Amino acid sequence: MTAALSAHELIARHRSTLDQALEAIRTRAYWSPHPEHPKAYGENGSLDAAAGKAAFDALLGSRLDLGQPGTDDWAGGETSPYGIDLGVTYPHADLDVLLPAMKAGQRAWRDAGAEQRAVVCLEILKRISDRTHEFAHAVMHTSGQAFMMAFQAGGPHAQDRGLEAVAYAYVEQVRTPDNAEWTKPQGKRDPLAMNKQFTPVPRGIALMIGCNTFPTWNGYPGLFASLATGNAVLVKPHPRAVLPLALTVQVAREVLAEAGFDPNLVALAAERPGEGIAKTLALRPEIRIIDYTGSTEFGDWLEANARQAQVYTEKAGVNTVVVHSTSDYKGMLSNLAFSLSLYSGQMCTTPQNLLVPREGISTDQGPKSYDEVVADLATSVDGLLGDDARANALLGAIVNPDVKARLEAAAGLGEVALASREITNPDFPGAVVRTPVIVKLDGAKPDDEAAYMSECFGPVSFAVAVDSAADAAELLRRTVREKGAMTVGAYTTDPEVEQAVQEVCLEEAAQLSLNLTGGVYVNQTAAFSDFHGSGGNPAASAALCDGAFVANRFRVVEVRRDA
């Protein structure tokens with residue numbers, strides 16, 4: 001296969017970015033090569049806002065032919081949470097044809113080495129970045145995120161997570177040298193001498209099972225971790241969020257071909273309505289790695305049944321915030337209100353349970369009772385979302401009917417401190433937009449426990465009254481141990497309480513945010529610095545991103561010879 005992009009050219013183009021990424025994961029300092037602001041695009045070949053919107057509009061009603069082998073039909077049927085029928089169709093694959101074709105390209109990809117694979121991945125990410133405006137509309141109209149969130153989380157932040165995975169993959173692969181001269185002294189006899197060659201070899205075909213809410217942000221780490229370590233990657237999107245990942249596959253195939261590799265190293269597995277091919281794919285013997293984001297039920301099934309594969313899951317949990325005391329009451333309320341409202345609570349990191357002592361908390365505004373804290377938080381959420389235009393920009397749209405049903409059912413679980421209300425989106429009358437609900441529960445009542453100890457994905461939060469800070473810490477421990485948590489937050493001015501909460505999180509492997517009152521929120525994480533999940537509690541079997549996330553996607557094979 002003739003390469004239009006030579007290895008030398010790609011290394012010259014991207015090696016400095018790779019080096020900066022390597023330094024960023026070492027120092028954990030802020031860094032990103034992908035601009036967050038929409039106005040930063042439009043030069044050097046990237047699409048500006050108008051061109052990106054036009055590119056997205058041109059996709060509507062089209063057939064996205066990826067040139068994959070084994071295409072036996074066309075599948076589609078996405079409808080935007082904003083009420084638009086996308087009408088895009090995608091190749092449906094005969095797996096007995098596609099999977100062997102994907103495997104055929106792995107030898108040359110393996111032999112290319114860690115550096116060349118890394119810079120090819122960086123070229124893919126660069127071309128995706130150039131089309132960020134187009135991808136933002138694709139993410140918005142499949143996930144229900146508001147445009148600005150879709151632009152940032154679905155664009156530069158997702159690209160950062162992909163690059164982070166490439167950096168970790170590179171580090172782990174070059175940890176062992178390519179060659180070594182081995183000499184062992186034998187006293188008066190001649191020394192033993194050997195030449196040893198070490199090659200990172202891929203496990204096989206990786207399956208990336210995408211999610212509806214964050215198709216690129218959650219999808220790119222596994223996709224690029226597997227590709228950078230030499231594996232072919234089959235992308236199986238959520239049937240309601242195919243377009244962003246189909247475009248990603250399209251870009252990846254173009255770059256691989258231009259770099260002289262088999263484009264079938266990356267392929268798409270779209271499905272017919274109700275076909276449910278994820279289970280079928282997950283048990284195929286060719287599939288040796290699985291990345292999955294979604295429900296706990298299916299994640300548990302994958303872990304139990306896909307025994308031939310290395311399985312990485314991000315499932316769900318019951319995220320908890322301990323509210324004990326604060327030196328910035330207004331800032332605490334504002335920060336929590338934003339965290340509960342962002343994207344209608346449809347983030348795996350959104351707080352669900354707020355543990356508040358029933359005797360109240362101490363603040364810089366004096367003592368506040370449990371009822372006052374909950375009422376003031378409700379007022380803060382109301383104030384944040386009081387303007388419909390701002391509310392639409394923060395809330396986005398409800399992504400599926402199940403979320404809406406959970407939201408409506410939550411009002412019957414206890415005393416409603418903040419009722420959800422319907423908001424009309426003037427630009428998209430078909431969008432289902434709802435503000436969060438806050439329900440008061442009692443941590444001492446067994447009937448209430450069934451509610452707050454179950455995940456209620458969506459804009460639903462429970463203000464749980466507890467007897468003391470010690471009880472809050474113990475309930476936090478039990479919640480993380482039994483149900484898992486992607487995030488934990490705590491507000492306290494008491495060093496002993498802080499230490500107790502921190503100890504729980506260290507022992508139960510939960511990521512903790514303390515006393516957030518500014519522009520950083522518990523449900524947001526930054527690539528190259530923050531770990532998303534830990535892999536140490538039931539919410540996820542992996543962290544995005546660390547060495548463990550990439551190191552077992554390849555094995556090192558040794559060939560040794562007498563010198």
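The model shown is predicted, which means the values in this text are computed figures rather than measured ones. All residue numbers refer to positions in the sequence shown, counting from 1.
Salt bridge annotation for Glu9-Arg13: present, with a cationic side-chain nitrogen under 4.0 angstrom from a carboxylate oxygen. Using a 4.0 Å cut-off between charged nitrogen and carboxylate oxygen, Arg175 and Glu172 count as a salt-bridge pair. Remark: Arg478 does not engage Glu508 in a salt bridge, criterion side-chain N to carboxylate O under 4.0 Å. Contact check on Asp291 versus Lys236 returns no salt bridge, with no Lys/Arg side-chain nitrogen under 4.0 Å from an Asp/Glu carboxylate oxygen. In summary, Lys315 and Glu455 do not engage in a salt bridge, as defined by a charged side-chain N under 4.0 Å from a carboxylate O. Residues Glu507 and Arg481 are not paired through a salt bridge, judged by the lack of any N-O separation under 4.0 Å between the basic side chain and the carboxylate. We find that Lys103 and Glu286 are not joined by a salt bridge, their nearest charged nitrogen and carboxylate oxygen being 4.0 Å or further apart. Under the 4.0 Å criterion applied to side-chain N and carboxylate O atoms, Lys196 and Asp178 are not assigned as salt-bridge partners.
Side-chain atoms of Thr349 and His532, non-hydrogen and from C-beta on, do get closer than 4.5 Å to each other. Taking the side chain as every heavy atom from C-beta outward, Leu163 and Phe224 never approach each other to under 4.5 Å. Ile205 is not listed as a side-chain neighbour of Arg288, based on a closest heavy-atom distance of 4.5 Å or more. Within the 4.5 Å cutoff, no side-chain heavy atoms of Lys184 are placed close to those of Pro191. The closest side-chain heavy-atom distance from Glu115 to Arg15 is below 4.5 Å. Two residues are said to be in side-chain contact when any heavy atoms from C-beta on lie closer than 4.5 Å; Thr132 and Asp130 fail this criterion. Side chains of Arg560 and Gln197 form no contact here, defined as non-hydrogen atoms less than 4.5 Å apart. Residues Thr487 and Asn523 fail the side-chain proximity criterion, which asks for heavy atoms closer than 4.5 Å.
Remark: side-chain polar atoms of Gln106 are paired, donor with acceptor, to backbone N or O of Ala232 under 3.5 angstrom. Judged purely by atom type and a 3.5 angstrom limit, Ser541 uses its side chain to pair as donor or acceptor with the backbone of Thr313. Looking at Asn212, its side chain does come within 3.5 Å of a backbone N or O of Thr142 through a donor-acceptor pair. For Gln502 (side chain) and Glu498 (main-chain N/O), no donor-acceptor pair under 3.5 Å exists by modelled atom type. In terms of modelled atom types and a separation under 3.5 Å, the side chain of Ser62 and the main chain of Leu64 share no donor-acceptor contact. Judged purely by atom type and a 3.5 angstrom limit, Ser129 has no side-chain atom pairing as donor or acceptor with the backbone of Leu125. With Arg553 contributing its side chain and Ile289 its backbone, the two residues share no donor-acceptor pair below 3.5 Å. At least one donor-acceptor pair closer than 3.5 Å links the side chain of Glu271 to the backbone N or O of Ile277. Listed for the Gln352 side chain is a donor-acceptor partner under 3.5 Å among the backbone atoms of Ser454. Formation of a donor-acceptor pair under 3.5 Å by the Asn537 side chain with backbone atoms of Ala509 is found in this model.
Side-chain contact, His133 with Asp48: no donor N or O sits under 3.5 Å from an acceptor N or O. With hydrogens and angles left out, the side-chain atoms of Arg253 and Gln68 include no donor and acceptor closer than 3.5 Å. Tyr90 and Glu78 are linked by a side-chain donor-acceptor pair at a separation below 3.5 angstrom, with hydrogens and angles left out of the test. Side-chain contact check for Thr320 and Thr479: no donor-acceptor pair (N or O, by modelled atom type) lies under 3.5 Å. For Arg28 and Ser529, the side-chain atoms include no donor-acceptor pair closer than 3.5 Å. Thr213 and Arg240 share no side-chain donor-acceptor pair at under 3.5 Å. Judged by distance alone, the side chains of Asn195 and Arg561 never bring a donor and an acceptor atom under 3.5 Å apart.
Note that the OH atom of Tyr292 and the CD atom of Glu314 stand 10.0 Å from one another [nearest 0.5 Å]. Atom OG of Ser226 and atom CG of Asn231 lie 5.0 Å apart (nearest 0.5 Å). The distance from the CG atom of Asp65 to the CD atom of Gln250 is 9.5 Å, given to the nearest 0.5 Å. Rounded to the nearest 0.5 angstrom, Gln173 CD and Thr199 OG1 are separated by 11.0 Å.
The two residues Ala93 and Leu98 have their closest heavy-atom pair at CB-CD2, 3.6 Å. Heavy-atom minimum distance, Ala40 versus Pro35: CB-CB, 3.4 Å. The heavy-atom pair separating Thr216 from Val139 by the smallest distance is OG1-CG2, 4.1 Å. Closest non-hydrogen pair, Gln308 versus Ala282, comes out as NE2-O, 2.7 Å. Across every non-hydrogen atom of Pro221 and Arg161, the tightest pair is CG-CB, 3.8 Å. Closest non-hydrogen pair, Asn319 versus Thr350, comes out as ND2-O, 3.0 Å.
Partner His157 forms a side-chain hydrogen bond (donor to acceptor under 3.5 Å, both in side chains) with one of His34, Glu36, Gln524 and no other, that one being Glu36.
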- When you look at Glu123 and Lys126, which way does the salt bridge (charged side-chain N to carboxylate O under 4.0 Å, His left out) test go after all the steps? CA-CA 5 Å; Glu123 177 68 18; Lys126 174 63 169 63; over 6 Å; no
- Message: For Phe528 and Tyr168: C-alpha separation, side-chain torsions, deciding distance, then whether ring pair (Phe, Tyr, Trp, His ring centres under 6.0 Å) applies.
- Response: CA-CA 10 Å; Phe528 311 108; Tyr168 271 102; 8.9 Å; no
- Message: Would Val88 and Val242 count as a side-chain contact (heavy atoms from CB on, under 4.5 Å) here? Give the steps.
- Response: CA-CA 9 Å; Val88 185; Val242 183; over 6 Å; no
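In this pair, Phe56 and His137 present their aromatic rings parallel. The plane angle is below 30°, not in the 30 to 60° band.
Cation-pi check for Arg110 over Phe554 is not met; the charged atom does not lie both under 6.0 angstrom from the ring centroid and within 45 degrees of its normal.
Here Phe549 and Tyr312 bring their ring centres to under 6.0 angstrom of each other.
With a 6.0 Å radius and a threshold of 12 heavy atoms from other residues, nucleotides or ligands, Glu297 has its CD atom at or below the threshold. The number of heavy atoms from other shown groups lying within 6.0 Å of CD (Glu558) is above 12.
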